Asks: 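Can you read through this structure? Questions will come right after.
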2 protein chains.
Amino acid sequence: MPVAEDGEGVGEARKGATLGRRATTRRIGIADVALKAGVSHATVSRVMNGNFTVDPAIAARVRAAATELNYQPNPVGRSLALGKTDTIGIVVPDLSNPTFQAILRGLSMAAAQDGYRVLIADSSEVSSEEAILAGEARRRCDGLVLCAPRMGDAELEELAPSLQPMVLINRTTVDTHTPSLMVDYGQGIQELAEHLVDLGHTRLAFLAGPARSASNGLRLVGLKKFMTAHPEIELTMLDGGSTFEAGHQSVDAVVASGATGILAFNDLVAMGLLSGLHERGVRVPEDISVTGFDDIPFARYTTPTLTTAAVPITELGQQAWHRMRDLIRHVPSDAVAEGPTVFQPRLEVRGSTGAAKG
Amino acid sequence: MPVAEDGEGVGEARKGATLGRRATTRRIGIADVALKAGVSHATVSRVMNGNFTVDPAIAARVRAAATELNYQPNPVGRSLALGKTDTIGIVVPDLSNPTFQAILRGLSMAAAQDGYRVLIADSSEVSSEEAILAGEARRRCDGLVLCAPRMGDAELEELAPSLQPMVLINRTTVDTHTPSLMVDYGQGIQELAEHLVDLGHTRLAFLAGPARSASNGLRLVGLKKFMTAHPEIELTMLDGGSTFEAGHQSVDAVVASGATGILAFNDLVAMGLLSGLHERGVRVPEDISVTGFDDIPFARYTTPTLTTAAVPITELGQQAWHRMRDLIRHVPSDAVAEGPTVFQPRLEVRGSTGAAKG
DNA sequence: GAATGATGAGAAAGCGTTTTCTCAGAACGT
DNA sequence: ACGTTCTGAGAAAACGCTTTCTCATCATTC
């Protein structure tokens, strides 16, 4: 009877079991396969990675041993050796926001296509934690997508170099090798306002979003432009937020403002407002017209359906991955030097806006 | 002039730079800190991990060097040495579904509390990919949460051992050390049906969900019970799905069924249906009553507001983490042996249900 | 038939940590 | 003053893999 060549004595030679670091049976490693196939670790590695400098006969033997033992290379070991993790991180301010969920989904699906996974870091709108969280995540991943970070400009600039490769969403850096994807909220809100004016509304109100939100700032800039172009229009600014509740709670303020055309910060706020107005018996769009922003899937199914500015959110996530992929693969991209990629929202007229009351 | 003790010659001795594996300046490693502090790697490691067998003076020197160089331990290296990644994976069938988003959020936030991160694996409802995806994810993580897996029972049983530690959501295994969190969809749908009966409805319809969905099966079981308890009630089964579109498209079938109380598979389907009925001029709840399931945040803000069965979805995610944590820490839990933890949905009566037409 | 060149596989050196092992040197007791 | 125990830090092994380096072996050529 042969002694070791039969390949059955795999486990007994392993130190792990006797060392007792882990009481449980150790996972199958490259050494086990090597032993079983009667070759060295190196050869097994070569076979597993499709290196063709291996004798076909031996390769077959290795593959047989691998499948028989159901061997799967340990990703951590590979990561350490290769210096990459095949994982990217995404930092979002709030995972409960449908916008960020959609971006996450687009990113995750696109990355999966290329064999990459996504690690989540939710800062829960705590901007002070963002930096640590981002650094933490970055070290575990090959790259980082920062989604509308709430941190200040200075901090972002300072952090940027240590987070490379990085892709920004709805934020920019002076750093020339950080791609940035922006939605033109300013343009979008102007189009919505114009739409209301076209319908005959002369008194508008804007339900603002969170103060720290950069996208809220862009909307304000857009509205300023709008007001200079339409000095005849009265525009009331109302404090709001980014949630259902914010919209719902601002019903009183909205009604009190006397405005007939309401620009909500986003679809969520608009839906909250819609619901509040309905409870009050205010008819939409007969009495008051309401617009949202983002065109989340729900916007098609509200009553009435919601006029909004459609943002290709999921595509934004996809694009983020494509930029990231180029960075990781060191594909030179002139798109980065040309500044941020800007996505134009598309006006989506539905049932929540109508002609102003006689 | 001292030669190396000044600690300034840190970079020059490093092989990485000259080796040229990476053109870019190498990341700061433990060796750099050791060199700068004039101690060995081992000591640096001890200090970084709060091992108190280090002379306070030396420890201080190491810490100073570490902060000065802005040293952060490489997580991959740690993972390899420690045999853990501080990461858990979650496999979901469809990230665009609000239910799974909520679970993800609950899981992610709870795990973050304990310093763990979450890796996403979206199977896109392709049940054949689920197994590979799960295995892949598991190897990168310390544990796996399988969220309503679509794979067959046999495959799940077979896979279970290799995925430990694992937590199941809305699925069970015979495997006694796999915690399972279940929502009692059967009970919930019965309560909704009872609610409609109490309102005087005698002709009901159920808009079914995806065939592969285990939770749909539970609803069907619940409805069977309901029918035996209420032989006088007529219940029509209609094919549906789990999306807005499914609900919206089934308007014709719903109206044709002649039912006045509609049990939609979930809130999304209910919202799609609501919207379709509104377009047709069918009044809710005057002409037809509609119920959803899950109580997603949007359910409070539909018009009319949606009667539904509230499931503590985010809490489900949290609980999933707590179970996982116990598994990872080897905390003996009798809860597992006692079978799945069952969450009872709570009937949430809102505006979409009303008395049956006289 | 010996020198040269391919070819292919093993040995060993990384990757960046943690942790065990080992051994100086200090503190202590007799 | 000498041996013993402790303390604390360095050397080295381990984690699981990839990849370079090295060297047999065999085919080729003059």
Side-chain angles (χ1 to χ4, degrees), chain A residues 10 13-22 24 26-35 37-62 65-66 69 71-86 139-140 142, chain B residues 10 13-22 24 26-35 37-62 65-66 69 71-86 139-140 142:
Chain A
V10 169
R14 299 302 308 243
K15 288 161 274 174
T18 59
L19 195 64
R21 286 214 186 190
R22 274 199 220 166
T24 116
R26 272 203 43 272
R27 241 192 160 64
I28 296 292
I30 202 172
D32 302 300
V33 180
L35 197 60
V39 297
S40 68
H41 329 270
T43 300
V44 176
S45 173
R46 281 190 271 258
V47 172
M48 298 303 291
N49 293 293
N51 187 325
F52 289 112
T53 71
V54 179
D55 185 296
I58 294 183
R61 216 164 73 223
V62 170
L69 293 173
Y71 167 69
Q72 305 285 136
N74 176 329
V76 179
R78 297 198 78 213
S79 289
L80 190 57
L82 294 172
K84 65 185 202 129
T85 61
D86 290 351
R139 255 167 280 129
R140 289 189 140 73
D142 298 344
Chain B
V10 169
R14 299 303 310 245
K15 287 162 275 175
T18 59
L19 195 65
R21 284 213 187 188
R22 274 200 221 167
T24 115
R26 272 205 42 272
R27 242 190 159 65
I28 296 292
I30 203 172
D32 302 299
V33 180
L35 197 60
V39 298
S40 69
H41 329 271
T43 301
V44 176
S45 173
R46 282 190 270 259
V47 172
M48 297 304 290
N49 292 294
N51 187 325
F52 290 111
T53 71
V54 179
D55 184 296
I58 294 183
R61 217 164 73 224
V62 169
L69 293 174
Y71 167 71
Q72 305 284 137
N74 176 329
V76 179
R78 296 199 78 210
S79 289
L80 189 58
L82 293 172
K84 65 187 202 125
T85 61
D86 289 350
R139 255 167 279 130
R140 291 188 137 72
D142 298 344

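All figures in this text were calculated on a predicted structure; none of them were measured in a lab. Every chain is numbered from 1 and lettered A, B, ... according to where its sequence line falls, protein lines coming before strand lines.
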Asks: Starting from P on C:dT17, measure out to CG on B:Asn51 and report it in whole angstrom.
Replies: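 Atom CG in B:Asn51 sits about 17 Å away from atom P in C:dT17.
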Asks: Please state how far atom CD1 in A:Ile30 lies from atom C1' in D:dC17, giving the value in whole angstrom units.
Replies: 6 Å
Asks: What is the nucleic acid contact for B:Asn49, judged by heavy atoms within less than 4.0 Å: base, sugar-phosphate only, or nothing?
Replies: sugar-phosphate
Asks: Tell me which nucleotide among C:dT18, D:dG10, C:dG10 gets nearest to the side chain of B:Arg46.
Replies: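 My answer, after comparing the listed nucleotides, is D:dG10.
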Asks: Once hydrogens and angles are ignored, does a donor-acceptor distance under 3.5 Å link the base of C:dG16 to the side chain of B:Arg27?
Replies: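 Flag unset: no donor-acceptor pair detected.
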Asks: How many angstroms lie between atom CG of B:Asp32 and atom CG of B:Leu69, to the nearest 0.5 angstrom?
Replies: 6.5 Å
Asks: Is there a donor-acceptor contact under 3.5 Å from the side chain of B:Asn49 to the main chain of B:Asn51?
Replies: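 Looks like no, no N/O pair under 3.5 Å.
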Asks: May I ask you to evaluate whether A:Thr53 reaches the phosphate of C:dT7, defined as a side-chain N or O under 4.0 Å from OP1 or OP2?
Replies: no
Asks: When rounded to the nearest 0.5 angstrom, what is the spacing between OG in A:Ser79 and CZ in A:Arg140?
Replies: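 Between A:Ser79 OG and A:Arg140 CZ, I get 11.5 Å after rounding to 0.5 Å.
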Asks: Given that B:Leu82 and B:Ser40 both sit by DNA chain D, which one's nearest nucleotide is further toward the 5' end?
Replies: B:Ser40
Asks: Using a 4.0 Å heavy-atom cut-off, does B:Ser45 contact any base of the nucleic acid, only the sugar-phosphate backbone, or nothing at all?
Replies: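 Base, at least one base atom sits under 4.0 Å.
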Asks: What nucleic acid atoms does A:Tyr71 come within less than 4.0 Å of, heavy atoms only: base, sugar-phosphate, or nothing?
Replies: sugar-phosphate
Asks: Please report the distance, rounded to the nearest Å, between CD in A:Gln72 and P in D:dC17.
Replies: 11 Å
Asks: Donor-acceptor pair, distance only, cut-off 3.5 Å: does the side chain of B:Asn74 make one with the backbone of B:Val76?
Replies: yes
Asks: Using a 4.0 Å heavy-atom cut-off, does A:Val39 contact any base of the nucleic acid, only the sugar-phosphate backbone, or nothing at all?
Replies: sugar-phosphate
Asks: Counting any heavy atom closer than 4.0 Å, what does A:Val54 reach on the DNA or RNA strands: base, sugar-phosphate only, or nothing?
Replies: sugar-phosphate
